[in-house]
Amino acid sequence: MKKVQHYINGQFLDSKCGEFFDNINPMTGQLLSKVALGREDEVNAAVAAARAALSGEWGQMKLNDRIALMYEIANEIDRRFDDFLEAECLDTGKPYNIARHIDIPRGAANFKVFADTMKSHAEEAYQADTPDGRKMFNYSIRKPKGVIGVISPWNLPLLLMTWKVGPAMACGNTVVVKPSQVTPTTTSLLGEVMSKVGVPAGAYNVVQGKGSITGNLLTAHKDIDAITFTGETKTGEMIMQACSKGVRDVSLELGGKNPAIIFADCDMEKAIAETYRSVFANSGQVCLGTERVYVQRPIFDEFVSKLKERASKIKLGIYNDETVDMGPVVSAAHRDKVLEFYDIAKKEGANIILGGGAPKMEGELANGFFVEPTIWTGLPETATVVKEEVFGPCCHIAPFDTEEEVIKMANDTKYGLASTIFTENLDKAHRVASQIDSGIVWINSWFLRDLRTAFGGMKGSGIGREGGHHSLEFYTELKNICIKM
Ligand code: NAD
C-alpha cells in the first residue's frame, strides 16, 4: 500500500508513534494510500527545523539565489507535471482536463510570480526638513516574518497551497504546511521537488494530519510567527482565536456565497457559458464559484432554460476519461453534506429545474461520491441554500427587476468573496461593480486571474489581501529607518 509521509527538515518520515489514516479515492470509495498522522512530535520537529533554517543556509541565501531557486521549483513541477496531475486527480476525483489546465500550471506559476514580485519590488522613501534647519531621510525595508504555518483546503490542493508557500518562501520565510487530510499527496510530492532542486533543509516542511489534531497543534505552537489559512469561515474563526495568543498575524481566505447578476442587456451566450463554468466547474467546489444567480425578469425564463440545457449535458465519470466534464465531490462526508442541502432545498419548497440528488453510477464508480448538477428556482431569499455555502455543483436562480433591487439582494449575505456581472452596458457594469461588497467582481467573465492583483474576501470571506506585492504585507515585516542628515 502506498504511503504519504511527512517532509521535515529535508527528510521523508513516518510519525514517531507510527499512526496512519486512510486516503480514499473519491471516484471509487476505495483506499488510495495510508497517510502519516502528525502529532506533537512531528509538529515540534517541523517548527524547530523551520526556525533553524532561518539562521542557516536558507536564511543567509542572497535574494537573487532565492529567486533563481523559486524558478527551479516551478520548472521541476513542470518536468514532473504528469506525477502531479495523477496525484491531484486521484486525491480529488477531478478530471485531468481541469487539473491539467488549472491546478498544476497554476501551482508552478505561483513560484514564478512571487519571485518576479521580489525582483521588482521597491519601497517608499521620504526626505523632510527638521526644526533645526537640517534634513531627515526616511526609508523602509522589509524582513521575512519568520516561520509561517500554512493550512490549506482540498478543493485546489496544490494551487492554493503554493499560493501561500510561493510568496512566503520568495520573501525569505520558512514554512510548515498542513494540507487537507483528504488531499495530502501533492504537498508531499512538492517535498521531492524541494529536495531535487536543492532547497536547504528546513525551509519547506510538511506535517500531514487532521485539522482537529495536527492543525490545532500547529496553530497553537508558540514558535509559529504567523498562520495563513484557506478554508471554511468557522475554521477561520477558530484559527484567528488561536493566533490571538502571542498576537500572531493571520491571513484568512474563507468561504463565499457568490452572486451572479445577469442583466437583460447581456450577451446571452457569454452569460450562459461563464455562469455554467462558475456554477459547475470542479463539481462546484471553487470558493469563487457562483451559487446565487439573479436574472433580470424579461430574460429569466430563457436564461433558466438555456442553463438547464447546457448543464443537463454534463458527463459525470472517471478522471482519465477526456470526455468527462465532472468528477465526484471530494469525500463521503462532503457528499453527505451537499445531499443534505439538496434535501433541505426540497423541503423548503424549491422548484427543482435539474438534478437534486445522487446519480446512479455504474461499475467501479458505483461507490464514488457523485452528486447531480442541480438548479433550483422559486425559493425566497431567506432559504437555507440561498444563505449558506453549499460548495457543490448547484445554484438557485431568482428574478429581479431593478438595478437597486439586485445590488441589495447580492449584498444581503454574510460573505463577500466574488461576484460576476453580465451586461453589455459599460456604464452599468462599472456602476454596479463599485457597489457590490466582494473582494473581486468579474464583468462578463469568471476566474480570469492576474496573479499580481489583490485577492481576498470582505466580511465573513476573510481578512487580508494576497497577490503580487499585496502578499508582502503579510509575509514580511515592514521597518522604517530614519536618518538625521
Ligand atoms: P476546512 O476549513 O474544513 O479545512 C481547511 C483546512 O483546515 C484543512 O487542512 C483542515 O484539516 C484544517 N483544519 C480544520 N479544522 C482545523 C482546526 N481546528 N485547526 C487548524 N486547522 C484546521 O475547509 P475545506 O472543507 O478543506 O475547504 C472548503 C472551504 O474552503 C469552503 O468554505 C471554501 O469556500 C473555502 N475556500 C476558500 C478559498 C478562498 O480563497 N477564500 C479558497 C478555497 C476554499
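As the structure lists them, so they are numbered: ligands from 1, and atoms in each ligand from 1. Since this is a predicted model, take the numbers as computed values, not measurements.
The residue V286 has no part lying near ligand 1, judged by heavy-atom distances below 4.0 Å. Using a 4.0 Å cut-off between heavy atoms, L160 contacts ligand 1 through its side chain alone, with no backbone atom that close. The proximity of E389 to ligand 1, defined as any non-hydrogen pair under 4.0 Å, is limited to the side chain. Contact annotation: for N216 versus ligand 1, heavy atoms closer than 4.0 Å belong to both the backbone and the side chain. Only the side chain of I151 comes within contact range of ligand 1, with a heavy atom under 4.0 Å; no backbone atom does. Counting heavy atoms closer than 4.0 Å to ligand 1, residue P179 contributes backbone atoms (N, CA, C, O) but none from C-beta onward. If you look at L417 next to ligand 1, the close heavy atoms, those under 4.0 Å, all belong to the side chain.
Taking the side-chain contact (heavy atoms from CB on, under 4.5 Å) definition, one finds that A170 meets it with M70, F114, M118, sequence neighbours left out.
Residue, atom and distance of the protein heavy atom nearest to atom 27 (O) of ligand 1 are P153 CB, 3.5 Å. From the protein, the heavy atom lying nearest to atom 28 (C) of ligand 1 is F391 CE2, 3.6 Å. When hydrogens are left out, the protein atom nearest atom 36 (N) of ligand 1 is C287 CB, 3.5 Å; that is the closest non-hydrogen contact. In terms of protein heavy-atom proximity, atom 6 (C) of ligand 1 is nearest to S152 O, 3.5 Å. Scanning the protein heavy atoms around atom 17 (C) of ligand 1, the nearest turns out to be G211 O, 3.5 Å. Taking atom 37 (C) of ligand 1 as the reference point, the nearest protein heavy-atom neighbour is L254 O, 3.0 Å. Here the protein heavy atom with the shortest distance to atom 20 (C) of ligand 1 is G215 C, 3.3 Å. The nearest protein atom to atom 16 (C) of ligand 1, hydrogens excluded, is given as T235 CG2, 3.4 Å; this is a heavy-atom distance.
Of all heavy-atom pairs spanning L354 and A311, the tightest one is CD2-CB, 3.5 Å.
Between Y204 and Y7, the angle of the ring planes lies from 30° to 60°, which puts this pair in the tilted group. Using bins of under 30°, 30° to 60° and over 60° for the plane-to-plane angle, the ring pair W163/F455 lands in the perpendicular bin.
Using a 4.5 Å heavy-atom cutoff, the side chains of D225 and D249 are not in contact.
A donor-acceptor pair under 3.5 Å is formed between the side chain of T162 and the backbone N or O of L159. Judged by distance alone, the side chain of N173 and the main-chain N or O of G146 form a donor-acceptor pair under 3.5 Å. Of the possible polar contacts, none joining the W58 side chain to the G202 backbone as a donor-acceptor pair under 3.5 Å is found. Not a single donor-acceptor pair under 3.5 Å links the side chain of D22 to the backbone N or O of I24.
Each of the atoms 10 (C), 11 (O) of ligand 1 lies under 4.0 Å from some heavy atom of Q181. Near N155, the atoms of ligand 1 lying under 4.0 angstrom from a non-hydrogen atom of the residue are 43 (C), 44 (C).
Distance check for atom 4 (O) of ligand 1: every protein heavy atom is found at 4.0 Å or beyond.
Residue nearest to atom 23 (O) of ligand 1, selected from E253, E232, Q241: E232 (by heavy-atom distance). Remark: among candidates F229, F455, W154, the nearest residue to atom 7 (O) of ligand 1 is F229, based on non-hydrogen atoms.
Applying the ring-ring contact (aromatic ring centres under 6.0 Å, His included) definition to pairs two or more places apart or across chains, none involves residues 177-197.
With respect to the salt-bridge test (charged N to carboxylate O, under 4.0 angstrom), the residues K257 and D412 do not qualify.
Here's the thing with K178: one of its N/O atoms is less than 3.5 angstrom from an N/O atom of ligand 1.
For F341 and W376, the ring centers sit 6.0 Å or farther from each other.
Judged by distance alone, the side chains of N205 and H6 never bring a donor and an acceptor atom under 3.5 Å apart.
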